[in-house]
2 protein chains.
Amino acid sequence: MGVSERGPRERMVFSAAQLIRRDGVMATGMREVAAHANAPRGSLRHYFPGGKEQLVNEAVAWAGQYAARRVARFMAALSEPTPSGLFAAMVQQWTDEYRASGFEGGCPVAAATVDCAQSTDSTRDAAADAFARWTRPVAEALTDMGVPADEAEPLATLMISALEGALLIARAERDDRALTVVARELGPLLDSRARQPSPGD
Amino acid sequence: MGVSERGPRERMVFSAAQLIRRDGVMATGMREVAAHANAPRGSLRHYFPGGKEQLVNEAVAWAGQYAARRVARFMAALSEPTPSGLFAAMVQQWTDEYRASGFEGGCPVAAATVDCAQSTDSTRDAAADAFARWTRPVAEALTDMGVPADEAEPLATLMISALEGALLIARAERDDRALTVVARELGPLLDSRARQPSPGD
DNA sequence: TCGCTACTATGACAGCTGTCATAGCGGCAT
DNA sequence: ATGCCGCTATGACAGCTGTCATAGTAGCGA
């Protein structure tokens, strides 16, 4: 509920993101997106006059926004916020999905980067924006947990890099080993960069 | 010289890897591979009776072997081998390429994973093999530098994960920032896991 | 010369892609 | 009811894809 009440336009963007993260941008057809979204094919042109490029870009932007929102949720769910706890939560979202539903999909932003970084400049921009939008709340969360301001963004970039790379390996291996490994190995480093929290917290 | 003396078959595999890392698997056509390799189109079927799937898989395997070989070279080039030095060399290979030739291509194994992990099982296997073949020499180098045996492979996975993820971000941003960041941030962690080398080395 | 083998050339095939043009529907305001 | 507008339906288009069938060439051994 709630999900299916969205308009066809939003459903198509969502479906595009889902199909892209499964099969890549090039292998995802527009007719397929419409069918997956239970949206009429005749509306594709109406909602996305910019063609596939526009649809893909919006799907990538949606994915970036989604990832950013998740960061806030993870922070809210942590009883004692620590950098390693946040990273573990980000990783766990994926291990949970992979264990529950199989290794079908990866990150749509990664897929867009691989398939369009060279061919479609606007999509490459959309992917860069998505990464930036995702990095920002992570860096802010780190500063809130006591990481010095000039170290927060680099650490956030490291977290997202390690997560994206581990996602690739996990999907290739059909095993979440790489994901759990990076969470375990990177955790202590992340916490060591944070000031000790004041006892009164 | 030497490069162009290879047979057409090997040239096609090499060209396939190059084109795949630029445009992805799906956007890379077989006619395009033959043309790029200056190989006759009529030979495609003869050398690769398994079709595109076989060609892609061999390109991925080639990339994995190439990455593995590079590790040995990096180790040999380091005057004082340290984990952070090895990782810095792995990263620098990419920053050098990006600074010199632009952000045209990424990692072919990553591209194959994104495009084929769900659709083509044999290619997913090839990608997993490539990652494994790449991880092994890294882990062995780490043990040689004093990293405990049970920590070497996880650390190698972390290094490759961070590198692959940073590659994606760098390509999307057309900026090697993410690459240099992960090298700088991960270096101390890697060295801290190695025993102090004996003074006599 | 014959035959065999390795390799190449060429063209055709069905299938799919994104794009576009045209037409039609339904509802709402005037 | 009239006209407009958001939305949809349908079909066609050229272009490309991987695959395949057929034929042809060069070279080498007997």
Side-chain angles (χ1 to χ4, degrees), chain A residues 4-20 22-60 108 111-112 114-116 118-124 126, chain B residues 4-20 22-60 108 111-112 114-116 118-124 126:
Chain A
S4 61
E5 289 168 6
R6 285 195 259 248
R9 208 201 114 101
E10 195 173 352
R11 288 207 313 274
M12 284 195 270
V13 173
F14 179 79
S15 286
Q18 266 192 280
L19 293 175
I20 286 171
R22 265 158 84 122
D23 306 318
V25 172
M26 281 318 199
T28 297
M30 310 214 71
R31 293 163 172 85
E32 190 189 0
V33 170
H36 183 274
N38 274 105
R41 174 168 92 84
S43 303
L44 271 173
R45 190 145 198 77
H46 185 255
Y47 288 120
F48 307 97
K52 184 177 187 178
E53 189 172 335
Q54 180 185 358
L55 176 57
V56 169
N57 293 359
E58 293 201 23
V60 170
V114 163
D115 278 350
C116 306
Q118 181 62 17
S119 60
T120 316
D121 223 51
S122 71
T123 304
R124 205 214 64 236
Chain B
S4 60
E5 289 169 5
R6 286 195 256 250
R9 209 201 112 102
E10 195 173 350
R11 288 206 314 273
M12 285 194 269
V13 173
F14 179 80
S15 285
Q18 266 192 280
L19 294 175
I20 286 171
R22 265 157 84 121
D23 305 318
V25 172
M26 282 317 198
T28 297
M30 310 214 69
R31 293 164 171 86
E32 191 188 359
V33 170
H36 184 275
N38 274 104
R41 175 168 92 83
S43 303
L44 271 173
R45 192 150 193 74
H46 184 254
Y47 288 120
F48 307 97
K52 184 177 187 178
E53 188 172 335
Q54 180 185 357
L55 176 56
V56 169
N57 293 359
E58 294 200 25
V60 170
V114 162
D115 278 349
C116 306
Q118 181 61 18
S119 61
T120 316
D121 224 51
S122 71
T123 304
R124 205 214 64 239

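Below, read A as the first sequence line, B as the second, and so on, with proteins coming before strands; counting in each chain starts at 1.
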Do A:V13 and A:F48 have side chains that approach each other closer than 4.5 Å (heavy atoms only, starting at C-beta)? yes
Any side-chain heavy atom of A:T123 sitting closer than 4.5 Å to one from A:V25? no
Separation of [X] atom [atom1] from [N] atom [atom2], in whole Å?
{"X": "B:F48", "N": "D:dG18", "atom1": "CZ", "atom2": "P", "answer": "14 Å"}
{"X": "A:E53", "N": "C:dG18", "atom1": "CD", "atom2": "C1'", "answer": "12 Å"}
{"X": "A:M26", "N": "D:dG18", "atom1": "CE", "atom2": "P", "answer": "12 Å"}
{"X": "B:D115", "N": "D:dG18", "atom1": "CG", "atom2": "P", "answer": "13 Å"}
{"X": "A:R11", "N": "D:dC7", "atom1": "CZ", "atom2": "C1'", "answer": "13 Å"}
{"X": "A:E32", "N": "C:dG15", "atom1": "CD", "atom2": "P", "answer": "18 Å"}
{"X": "A:L44", "N": "C:dT22", "atom1": "CG", "atom2": "P", "answer": "20 Å"}
{"X": "B:L55", "N": "D:dG18", "atom1": "CG", "atom2": "P", "answer": "10 Å"}

Answer with yes or no whether B:R41 presents, from its side chain, a donor or acceptor under 3.5 Å of a partner atom in the base of C:dG11. yes
Any side-chain N or O of A:R45 under 4.0 Å from OP1/OP2 of C:dC20? yes
When you check the phosphate oxygens OP1 and OP2 of C:dT8, does a side-chain N or O of B:Y47 lie under 4.0 Å from one of them? yes
Could you check B:L44 against B:M12 for side chain to side chain contact (heavy atoms under 4.5 Å, CB included), going step by step and ending with a plain yes or no? CA-CA 9 Å; B:L44 271 173; B:M12 285 194 269; 3.6 Å; yes
Quick check on DNA chain C: between B:R31 and B:P8, whose nearest nucleotide comes earlier from the 5' end? B:P8
Residue whose closest nucleotide on DNA chain D lies nearer the 5' end, B:T28 versus A:G42: A:G42
Would you check if there is a donor-acceptor pair between the side chains of B:T120 and B:E53 at a distance under 3.5 Å? no
